[in-house]
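As structure tokens, the structure follows; a few thoughts come after it.
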Amino acid sequence: GAGVSQSPSNKVTEKGKDVELRCDPISGHTALYWYRQSLGQGLEFLIYFQGNSAPDKSGLPSDRFSAERTGGSVSTLTIQRTQQEDSAVYLCASSLSLSGGTGPQYFGPGTRLLVL
Amino acid sequence: QKEVEQNSGPLSVPEGAIASLNCTYSDRGSQSFFWYRQYSGKSPELIMFIYSNGDKEDGRFTAQLNKASQYVSLLIRDSQPSDSATYLCAVNIENIGEYGNKLVFGAGTILRVKS
């Protein structure tokens, strides 16, 4: 079956521009997560969606970052006024909503963002 | 203070040997533990998950969990060059509501299997 998909796979933008990153989770997965991975670094949690609501936005680095999810499926991560330090791979993951938060998370291929 | 610790490696093993990857975590309340494999330039791929103390086997992979000692390990039997990758340990640090799962990832251990 289809896994998590993300688009674009690569994005090069100029400092100060806005970018939108898209994630399409596995069908039936109501939990959706965004992470960021800088070169040679570990994964950094950004935000979690359960359905269309975001109970935890604690990982968003600044108010330039926002995310939404509509229809309980596709999610968009928006970065406004991009800065060079935003350059990273942005990963989306989804999971089944199992009680106790035990559903394994499955990752998409990521979007590689480069801010010049 | 890091919440999930892994030896960065690289861990080098000969082909056919057993590779042992270890991970320690700080939160005694953690209930879910995951191992991911990440090839260079690729996204993490789920290999194993374990919730209960003891061993869980899946093919050449065995996950071991010891909650009292707060460690989880991954054994790879009959290691192959294709197993060469970074292995990420992920631990559920905090439940988000009833269904959410806030994972904290270790920095990963680089495994190199030499043919």
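Values reported hereafter were calculated over all heavy atoms of this structure, with side chains retained and with hydrogens, waters and symmetry mates removed. By convention in this document, chain letters (A, B, ...) are assigned in the order of the sequence lines, proteins followed by strands, and residues within each chain are numbered from 1.
Using a 4.5 Å cut-off on side-chain heavy atoms (C-beta onward), Leu46(A) and Leu77(A) make contact.
Glu3(B) contributes no side-chain N or O that, together with a main-chain N or O of Val91(B), makes up a donor-acceptor pair within less than 3.5 Å. When atom types are taken as modelled, the side chain of Ser43(B) and the backbone of Gly110(A) share no donor-acceptor pair closer than 3.5 angstrom. Put simply, the side chain of Arg69(A) never gets that close to the backbone of Ala54(A): no donor and acceptor are under 3.5 Å apart.
Scanning residues 60-70 of chain B against chain A with a 4.5 Å non-hydrogen threshold yields no residues. For a heavy-atom cut-off of 4.5 Å, chain B lies close to no residue in residues 4-11 of chain A.
A salt bridge is defined here as a Lys NZ or Arg NE, NH1 or NH2 lying under 4.0 Å from an Asp or Glu carboxylate O, and Arg64(A) with Asp86(A) meets this definition.
Checking Gln6(B) against Tyr25(B) by side-chain atom types alone, no donor-acceptor pair falls below 3.5 Å. When only modelled atom types and interatomic distance are considered, Tyr36(B) and Gln38(B) share no side-chain donor-acceptor pair under 3.5 Å.
The distance between the ring centers of Phe105(B) and Tyr35(A) falls below 6.0 angstrom.
Using bins of under 30°, 30° to 60° and over 60° for the plane-to-plane angle, the ring pair Phe34(B)/Tyr51(B) lands in the perpendicular bin.
Annotation: Leu116(A), atom CG; neighbour count of heavy atoms from other residues, nucleotides and ligands within 6.0 Å is above 12.
Residue Glu45(B) does not touch chain A at all, counting heavy-atom pairs closer than 4.5 Å. Interface remark: Thr30(A) contributes no atoms to any contact with chain B (heavy atom separation under 4.5 Å). Heavy atoms closer than 4.5 Å to chain B are found in both the backbone and the side chain of Gln105(A).
Lys56(B) forms a cation-pi arrangement with Phe49(B), by the criterion of a distance under 6.0 Å to the ring centre and an angle within 45° of the ring axis.
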